[in-house]
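Structure first, then comments.
Note that this is a predicted model, so its numbers are computed, not measured. Proteins come first, then strands; the chains are lettered A, B, ... in the order of their sequence lines, and each starts at number 1.
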2 protein chains.
Amino acid sequence: MRKPTEQSAERSVPTSADVARLAGVSRATVSYVLNNTAAVRISEPTRRRVREAAEELGYVPHAAARSLRAGHSRMVLLPTAHVPIGPLYSQFFNELQWSLRRLDYTVVQYGSLGLEADEAARAWAELRPVAVVSLGQVQLTPQGVEILKRSGAKAVITLGSQRVEGAHALVMDQGRVGRVAAEHLVEVGRRRIGVVVPEEPGLEMFAERRLEGARQAVAGTGATVVPLPLRYEEDSANELAGRWRALGLDAVFAYNDEYAMLLMRALQDAGISVPEETAVVGSDDLLLGRLLRPRLSTVQIDMVIGRHLAELVDSAVRDPESVPEARDLLASRVVRRESS
Amino acid sequence: MRKPTEQSAERSVPTSADVARLAGVSRATVSYVLNNTAAVRISEPTRRRVREAAEELGYVPHAAARSLRAGHSRMVLLPTAHVPIGPLYSQFFNELQWSLRRLDYTVVQYGSLGLEADEAARAWAELRPVAVVSLGQVQLTPQGVEILKRSGAKAVITLGSQRVEGAHALVMDQGRVGRVAAEHLVEVGRRRIGVVVPEEPGLEMFAERRLEGARQAVAGTGATVVPLPLRYEEDSANELAGRWRALGLDAVFAYNDEYAMLLMRALQDAGISVPEETAVVGSDDLLLGRLLRPRLSTVQIDMVIGRHLAELVDSAVRDPESVPEARDLLASRVVRRESS
DNA sequence: ACGTGTCAGTGACACGTGTCAGCACTGTGT
DNA sequence: ACACAGTGCTGACACGTGTCACTGACACGT
């Protein structure tokens with residue numbers, strides 16, 4: 001009764017030593033049994049005793065101790081700042097998470113709101129993740145990448161259009177979205193095509209690429225592209241619609257279904273007929289776009305990036321030297337409704 | 001030149017021992033300096049040498065080792081399954097993250113997609129978080145709570161309308177949203193009020209409470225409430241609109257601006273005039289709702305929960321026995337536009 | 001009686017960190 | 001000359017885990 005092991009220290013969390021004591025075996029045996037270590041043979045009765053003891057104590061291994069001993073973890077860190085919204089992102093994210101779990105990684109999102117670039121990198125490095133996937137919300141510097149790699153990260157991967165020295169990159173071909181939209185508009189006979197460029201921060205890298213894609217699509221067709229800065233507010237849209245005739249456009253690719261809806265309403269309120277006078281095309285195929293009259297034409301995007309990205313992570317972890325510089329084509333097609 | 005410490009073991013992660021060696025001091029001193037331990041006095045020149053050595057090696061402390069030694073962490077775990085979308089959630093989430101950081105907690109989101117309840121709890125427990133905030137996407141059982149508490153979690157907090165034995169709860173008064181909506185509709189003279197109940201999984205707990213709130217609001221006024229199951233699809237909305245006249249409703253609170261927009265369009269297509277024949281009220285005050293004609297009336301919700309929740313976490317960690325059973329009123333008001 | 005082999009399990013170390021007790025010096029008062 | 005306090009630093013332990021080298025016990029063939 002002098003040892004405080006049994007019930008007196010009730011509130012301390014059980015360790016594998018406690019399990020070993022209860023099962024009457026050594027700690028090593030406990031480890032072998034609970035991890036199903038193949039190279040060691042333990043008799044079935046002993047296995048049962050260990051498992052029952054673990055169950056009874058409610059033993060849960062200590063991840064930190066485990067990865068400390070192992071010298072590495074299977075943690076993939078996903079820095080998060082302002083959560084982007086929308087079903088597309090949600091789908092991508094779920095797919096990434098799911099695919100990484102299948103590959104036996106643990107996905108951890110780390111809130112990095114309000115941290116400066118290298119400060120953030122240091123915070124991430126403390127967790128010793130095996131890989132870091134940056135969605136471009138926190139700007140990653142080459143120094144940041146160096147910090148992470150030095151801390152043992154096998155792979156640092158940037159997603160999107162940014163490219164950082166030392167990091168792997170999965171380039172999303174956002175340009176493709178602009179390209180198919182502009183191609184469609186040219187095909188239906190439009191000549192002067194506006195391209196909405198959102199002014200909201202954090203969207204630049206998508207917007208710029210889509211604009212660029214549209215430019216490529218019209219090259220050599222005689223059509224032209226005009227960038228149109230727009231904030232996601234009614235006033236901004238009305239202001240733009242007010243000087244629409246002066247711009248002399250007969251079509252607009254509006255970055256997004258949301259921006260498209262906003263702009264289309266403003267155009268109609270300003271007396272501009274859609275699609276006769278101006279065609280409107282959005283992107284993402286939101287259900288809400290189908291509710292407007294005319295129904296909104298849109299670019300439908302297949303989000304298969306999640307699985308690609310997961311595989312990129314895995315191969316980069318296995319062999320950090322291989323730099324596949326993957327590129328995803330963002331398979332996308334125009335769904336023509338009534339607004340174009 | 002026989003020690004592989006300097007450049008030959010280049011690729012190994014620097015530890016505090018390496019820093020100590022380079023600075024020519026003991027490891028203890030390094031720890032004291034880098035943590036600014038108040039109770040120990042170290043001369044300024046030594047401090048500088050240590051800091052410079054740490055800088056030169058790119059030393060980053062090992063969070064796992066640290067929390068292993070400390071016996072506790074400042075990690076708040078936020079299980080994530082299907083990411084809910086929408087600006088409201090985004091705002092809440094950023095606020096929570098920000099507030100917890102100010103209280104010196106580290107927020108970690110853990111992807112728990114596809115895990116069963118207690119399996120998930122065990123996975124979380126491995127990380128030994130000091131607190132777990134469950135948003136109700138993964139159903140938490142009393143056993144799950146027990147597992148977490150036994151693993152050292154000081155606070156297990158559920159957010160939303162679920163309540164779990166053993167866990168603290170921050171009850172969001174979702175009923176309030178339904179209440180103000182229904183009150184408004186009664187006030188403008190409506191008598192038979194439909195309340196849309198989304199059939200999508202994961203929304204039940206919100207939907208049920210809002211319905212309940214609407215029921216409370218009409219009690220004693222002579223008005224009645226009719227629940228209307230609806231999927232977020234055009235077909236479902238059209239089907240509902242097709243039998244609208246048979247339902248004999250003169251108003252509907254549609255759970256959401258999105259559902260409201262969907263339903264309103266279907267009603268109009270079915271020849272039912274809004275708001276004359278049927279008034280429509282949504283919730284969340286999406287910008288897009290203002291684009292429809294008539295403009296959508298909506299319930300505007302103040303999301304101040306983030307800070308409340310952070311404070312609840314902190315107080316629960318400080319004194320796990322205190323059970324404040326907090327309740328948030330979801331301060332909300334109707335913004336009347338043209339659809340009601 | 002002795003080497004050889006298999007089975008079932010154990011003891012001890014290392015991972016990187018924080019902290020406690022203690023040690024060598026130096027000044028300071030008597 | 002000695003006690004005493006203060007300063008600046010170090011040695012050693014503990015946290016919980018995985019794994020390697022090793023040990024007793026027993027069976028078998030000669």
Side-chain angles (χ1 to χ4, degrees), chain A residues 4-5 9 12-51 53-54 57-74 125-128 130 150-152, chain B residues 5 9 12-50 53-54 57-74 125-128 130 150-152:
Chain A
T5 34
S12 79
V13 313
T15 75
S16 67
D18 297 325
V19 176
R21 211 153 7 205
L22 181 57
V25 298
S26 76
R27 227 178 37 67
T29 304
V30 172
S31 176
Y32 288 135
V33 170
L34 296 183
N35 294 320
N36 278 319
T37 309
V40 174
R41 317 182 53 119
I42 309 283
S43 74
E44 199 48 48
T46 306
R47 297 188 111 91
R48 272 227 323 278
R49 287 218 314 285
V50 170
R51 292 212 179 89
L57 292 178
Y59 169 70
V60 175
H62 193 308
R66 179 182 294 212
S67 74
L68 175 60
R69 156 68 214 201
H72 59 259
S73 70
R74 300 280 296 173
E126 289 192 4
L127 299 180
R128 297 291 193 273
V130 70
R150 211 193 278 264
S151 84
Chain B
T5 33
S12 80
V13 185
T15 74
S16 67
D18 298 324
V19 177
R21 210 152 11 206
L22 182 57
V25 298
S26 76
R27 227 180 35 67
T29 303
V30 171
S31 176
Y32 288 136
V33 170
L34 296 183
N35 294 319
N36 280 317
T37 309
V40 174
R41 318 178 57 122
I42 309 282
S43 73
E44 199 48 47
T46 306
R47 298 188 111 91
R48 271 226 324 277
R49 287 217 316 285
V50 170
L57 292 178
Y59 169 69
V60 176
H62 193 309
R66 177 180 294 204
S67 73
L68 175 60
R69 156 68 215 202
H72 59 258
S73 71
R74 300 280 296 174
E126 289 192 4
L127 300 180
R128 298 290 193 273
V130 69
R150 211 193 281 261
S151 85

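- In this entry the distance linking CZ of A:R41 with C1' of C:dG5 reads 13 Å, nearest Å.
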Pair B:R128-A:V13, side chain to side chain contact (heavy atoms under 4.5 Å, CB included): steps then yes or no = CA-CA 10 Å; B:R128 298 290 193 273; A:V13 313; 4.3 Å; yes
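- Using a 4.5 Å cut-off on side-chain heavy atoms (C-beta onward), A:R47 and A:N36 make contact.
- Spacing between atom CZ of B:R48 and atom C1' of D:dG8 amounts to 17 Å, rounded to whole angstrom units.
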Where along nucleotides 10-15 of chain D does protein come under 4.0 Å, by heavy atom, of base (B) or sugar-phosphate alone (S), with - for untouched nucleotides?
-> BB--BB
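- Remark: A:S67 OG to B:H62 NE2 distance equals 5.5 Å, nearest 0.5 Å.
- Residue B:S43 places at least one side-chain N or O under 4.0 Å from the OP1 or OP2 atom of D:dC9.
- Looking at which nucleotide of DNA chain C each of A:E44 and B:R66 is closest to, the 5′-most match is held by A:E44.
- The two residues B:R150 and A:P14 make their nearest non-hydrogen contact at O-CD, 4.1 Å.
- At whole-Å resolution of the value, NE2 in B:H62 and P in D:dG16 are 17 Å apart.
- Look at B:T46 and you'll find a side-chain N or O under 4.0 angstrom from OP1 or OP2 of D:dC9.
- Taking both residues in full, the closest heavy atoms of A:L68 and B:A65 are given as CD1-CB, 3.9 Å, listed atom of the first, atom of the second, then distance.
- Computed from coordinates, the B:R47 CZ to D:dG8 C1' distance equals 11 Å when rounded to whole Å.
- When each of A:V25, A:D18, A:T15, A:L22 is tested with A:V30 by the rule side-chain contact (heavy atoms from CB on, under 4.5 Å), just one qualifies, namely A:V25.
- Taking each heavy atom of A:L127 and B:A63 in turn, the nearest pair found is CD2-CB, 4.0 Å.
- Each of B:T37, B:V50, B:V33 was scored for a side-chain contact (heavy atoms from CB on, under 4.5 Å) with B:I42, with one residue passing: B:V33.
- Side-chain contact between B:R49 and B:T29 is absent, with no heavy-atom pair separated by less than 4.5 Å.
- B:S16 comes within contact range of the sugar-phosphate backbone alone, with a heavy-atom separation under 4.0 Å but no base atom that close.
- Using five terminal pairs a side, the axes of the helix from C:dA1-D:dT30 to C:dT30-D:dA1 at its two ends make an angle of 70°, given in steps of 10 degrees.
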